[in-house]
Amino acid sequence: MNRTTVLKSAAVLGVASLALAACGGSSTSTESSAAPAASSAAPAPASSAPAASAAPAAVDCKIGTMLPQTGSLAFLGPPEFAGVDLAAKEIEAAGGPIKAANVLPGDSGDTTTDIASQTADSHIGAGVTAIIGAASSGVSLTVIDKITGAGVIQFSPANTSPDLSNYNDNGLYFRTAPSDLFQGAVLGQLMLDEGIDQAAILALDDSYGNGLANALDNNFTAGGGTITQKVIYNPQAAEFSAEVGKVKASKPKGIAVIGFDESVKVIQELIKQGIGPDKVPLFLVDGNLSAEAYKDLPKGIMKGVKATLPGAAAPEDFQAKLLEVNPDLTDFSYAPESYDAVNLIALAMKASGSCDGATVAAALQDVSKGGEACTDYASCAALLDQGKDINYEGVSGPVEFADNGDPSIATMGVYEYEANDKFAPKLDLFVTGEVPTA
């Protein structure tokens, strides 16, 4: 997508003011709304005002994680945990309200287990202000009532299902990843720009798979393309020969696979039936973009495969910090969003001087937009101490919450496989723009 293409396609995609983002760094890898924006927690004092008008003193608060250590998204867990841990370490070093010891780890599992519910119960019982997670939208939908009903913030770094945008969450649900209405728009235009005018979709049957498949379908067809076949499959199936057979019979010029770890079996079946990525262009998404999953496929077969992933590319200096936390990281997907989530929560705690979920949620709106820009906890906290309003600009891109807790502006990255176990950002294809709401 060159600049001209993106701007001309804005009306078709339903994304206002799309622009290419020069993101640095590299990577291997109804009506419910969030709490309305509070008045500035720390208004700028008059020149004669005493220092007491600065932000309230920080307090020690607990947060919990509910991220995938097991299940179909376990490959996303390490970078997300690393992002949380890095933020907590920096916040503690800056004298902030979150200490590393007060970050309670927890597994989310996937929708086939009750692990997330058990983790949520444990964290709520421990008195956390917020829970970071889940990564899976389907998992989040199983526990959101429990968490927000207890007055605790649920803050996901990776949920993308549109089903969560207007969920009745008591103003306590937030996310740093944009709705798949945005990813569907960017992916659809990417496929069209690659010369694909007839495409098939294979998507897992859950809120994430259905939502992204529909968004892709709508945007691809609005741009002049034709969906030859859309197959929604059971991710627990033992094999996918029938589903792939339907796709093959439709004779697509491109195939989008929307899934999690079962995507390996889907791609193996595509190869078996003669429509693998060496024969028909393949497009992946955030749920199956992995540096590890496809390493045992026929050598080089993934080369040239493109995928979309929300967020800016993790800068090299940020990657280096993450590797200090976890030297075994092989990719950095959703690490920036996890890092930003913890920083935003800590800044809202500092601005409000509270560990209460509802109070912190109201302050989250305020620290994400409208004030002086700052990019990490320490610099933002210093501005709060001066009585200034702040606008946290995240590693994952601009973070400005809409009233429903969704990012109103976001970045979508495009990555390309260089080998079965290595992908890199295509920075000229990164898109930053307003996130569609319908």
- line: Minimal heavy-atom distance between Ala313 and Tyr415, with the atoms involved, is CA-OH, 3.5 Å
message: I want to check something: taking the side chain as every heavy atom from C-beta on, are Ser165 and Asn404 in contact at a cut-off of under 4.5 Å?
response: yes
- prompt: Nearest 0.5 Å, what's the CG-CE distance between Leu104 and Met66?
  reply: 13.0 Å
message: Working to the nearest 0.5 angstrom, can you tell me the gap between Leu309 CG and Leu289 CG?
response: 5.5 Å
message: Treating Asp406 as the side-chain partner and Ala402 as the backbone partner, does any N or O pair qualify as donor plus acceptor under 3.5 Å?
response: no
query: Would Ser207 and Asp163 count as a side-chain contact (heavy atoms from CB on, under 4.5 Å) if you check the C-alpha gap in whole Å, the side-chain angles of each, and the deciding distance to 0.1 Å?
result: CA-CA 7 Å; Ser207 60; Asp163 291 345; 3.4 Å; yes
message: Set out, in order, the CA-CA distance, both residues' side-chain angles and the distance that settles side-chain contact (heavy atoms from CB on, under 4.5 Å) for Lys230 and Asn214, then state yes or no.
response: CA-CA 9 Å; Lys230 180 164 67 175; Asn214 289 337; 2.9 Å; yes
query: Donor-acceptor pair, Ser122 side chain versus Thr119 backbone, under 3.5 Å?
result: no
Show which side-chain atoms of residues 67-94 pair as donor or acceptor with protein atoms under 3.5 Å away, not counting sequence neighbours.
{"from": "Thr70", "atom 1": "OG1", "to": "Asp107", "atom 2": "OD2", "distance (Å)": "2.6"}
{"from": "Glu90", "atom 1": "OE1", "to": "Tyr339", "atom 2": "OH", "distance (Å)": "2.5"}
{"from": "Glu92", "atom 1": "OE1", "to": "Ala100", "atom 2": "N", "distance (Å)": "3.0"}

Gln365 (side chain) donor-acceptor with Glu400 (main chain) under 3.5 angstrom: no
Exercise: identify the closest heavy-atom pair between Ile267 and Tyr294: CD1-CE2, 3.6 Å
field: Donor-acceptor contact below 3.5 Å, side chain Asp180 vs main chain Gln183
entry: no
- prompt: Can you check whether Leu141 reaches Asp206 side chain to side chain, under 4.5 Å on heavy atoms?
  reply: no
Short side-chain to backbone donor-acceptor contact, Thr176 and Glu337, under 3.5 Å: yes
Rounded distance [0.5 Å steps], OG in Ser156 versus CG in Leu164: 8.0 Å
For residues 146-153, which side-chain donor-acceptor pairs fall under 3.5 Å, sequence neighbours excluded?
{"from": "Lys146", "atom 1": "NZ", "to": "Asp121", "atom 2": "OD1", "distance (Å)": "3.0"}
{"from": "Thr148", "atom 1": "OG1", "to": "Ile144", "atom 2": "O", "distance (Å)": "2.7"}

- prompt: More than 12 non-hydrogen atoms from neighbouring residues, nucleotides or ligands closer than 6.0 Å to NZ on Lys246, yes or no?
  reply: no
Quick one: side chains of residues 125-140, donor-acceptor pairs under 3.5 Å with protein atoms, not counting sequence neighbours, listed by atom name and distance.
{"from": "Thr129", "atom 1": "OG1", "to": "Cys355", "atom 2": "O", "distance (Å)": "2.6"}
{"from": "Ser136", "atom 1": "OG", "to": "Gly138", "atom 2": "N", "distance (Å)": "3.2"}
{"from": "Ser136", "atom 1": "OG", "to": "Val139", "atom 2": "N", "distance (Å)": "3.2"}
{"from": "Ser137", "atom 1": "OG", "to": "Thr160", "atom 2": "N", "distance (Å)": "3.1"}
{"from": "Ser137", "atom 1": "OG", "to": "Ser161", "atom 2": "N", "distance (Å)": "3.1"}
{"from": "Ser140", "atom 1": "OG", "to": "Ala134", "atom 2": "N", "distance (Å)": "3.2"}
{"from": "Ser140", "atom 1": "OG", "to": "Gln154", "atom 2": "NE2", "distance (Å)": "3.1"}
{"from": "Ser140", "atom 1": "OG", "to": "Asn159", "atom 2": "OD1", "distance (Å)": "2.6"}
{"from": "Ser140", "atom 1": "OG", "to": "Asn159", "atom 2": "ND2", "distance (Å)": "3.4"}

- prompt: Can you tell which of Val266, Val285, Asn288 makes a side-chain contact (heavy atoms from CB on, under 4.5 Å) with Ile258?
  reply: Val285
message: For Phe283, give me all partners under ring-ring contact (aromatic ring centres under 6.0 Å, His included), at least two apart in sequence or on another chain.
response: none
query: Could you walk me through whether Tyr208 and Phe260 pass the ring pair (Phe, Tyr, Trp, His ring centres under 6.0 Å) check?
result: CA-CA 10 Å; Tyr208 163 74; Phe260 296 148; 5.2 Å; yes
- prompt: Is the closest side-chain heavy-atom distance between Met349 and Ile98 below 4.5 Å?
  reply: yes
task: Enter the distance from Phe240:CZ to Ser263:OG here, rounded to the nearest 0.5 Å.
output: 8.5 Å
- prompt: Does Asp169 reach the main-chain N or O of Gly171 with its side chain, forming a donor-acceptor pair under 3.5 Å?
  reply: yes
statement: d(Leu212 CG, Leu204 CG) to nearest 0.5 Å is 9.5 Å
task: Decide yes or no for Phe182 and Met412: does some side-chain heavy atom of the first lie under 4.5 Å from some side-chain heavy atom of the second?
output: yes
message: Apply side-chain contact (heavy atoms from CB on, under 4.5 Å) to residues Val367 and Cys380 and explain how you reach the verdict.
response: CA-CA 9 Å; Val367 300; Cys380 291; over 6 Å; no
- prompt: If every non-hydrogen atom of Tyr334 is compared with every non-hydrogen atom of Pro157, which pair is closest and at what distance?
  reply: CD2-O, 3.1 Å
- prompt: Is Glu243 close to Val231 at the side-chain level, that is, under 4.5 Å between some pair of heavy atoms?
  reply: yes
Residue pair Gly188 / Phe220: nearest heavy atoms and the distance that separates them: O-CD1, 3.8 Å
Leu216 to Ala256 - nearest heavy-atom pair and separation: CD2-CB, 3.7 Å
query: Can you tell me how far CG of Leu284 sits from OG1 of Thr308, rounded to the nearest 0.5 angstrom?
result: 8.5 Å
task: Go through Val247 and Leu202 one step at a time and tell me if the side-chain contact (heavy atoms from CB on, under 4.5 Å) criterion holds.
output: CA-CA 8 Å; Val247 166; Leu202 281 156; 3.7 Å; yes
query: Of all heavy-atom pairs between Ile390 and Cys374, which one has the smallest distance, and what is that distance?
result: CB-SG, 4.0 Å
query: Which residues satisfy the side-chain contact (heavy atoms from CB on, under 4.5 Å) test with Asp296, sequence neighbours excluded?
result: none
query: Is it the case that Asp356 and Ser354 place a side-chain donor and acceptor less than 3.5 Å from each other?
result: no
query: Going by the disulfide (SG to SG under 2.5 Å) test, which pairs reach into residues 67-166, not counting sequence neighbours?
result: none
- prompt: Side chains of Val399 and Glu393: closer than 4.5 Å at any heavy-atom pair?
  reply: no
- prompt: If only atom types and distance count, is the side chain of Asp421 paired as donor or acceptor with the main-chain N or O of Glu292 below 3.5 Å?
  reply: no
- request: Without swapping roles, check the side chain of Thr411 against the backbone of Gly397 for a donor-acceptor pair under 3.5 Å.
  value: no
query: For Ala215, does its backbone N or O pair with a side-chain atom of Asn219 as donor and acceptor, under 3.5 Å?
result: yes
Any side-chain heavy-atom pair of Phe401 and Phe174 under 4.5 Å: yes
task: Spell out, as yes or no, whether a donor-acceptor pair under 3.5 Å connects the side chain of Asn420 to the backbone of Met302.
output: yes
field: Pairwise side-chain contact, Pro97 with Asp60, heavy-atom cut-off 4.5 Å (strictly under)
entry: no
message: Under a 3.5 Å threshold, yes or no: a donor from one side chain and an acceptor from the other, between Asp340 and Tyr392?
response: yes
Under 3.5 Å side-chain donor-acceptor pair for Asp376 and Asn343: no
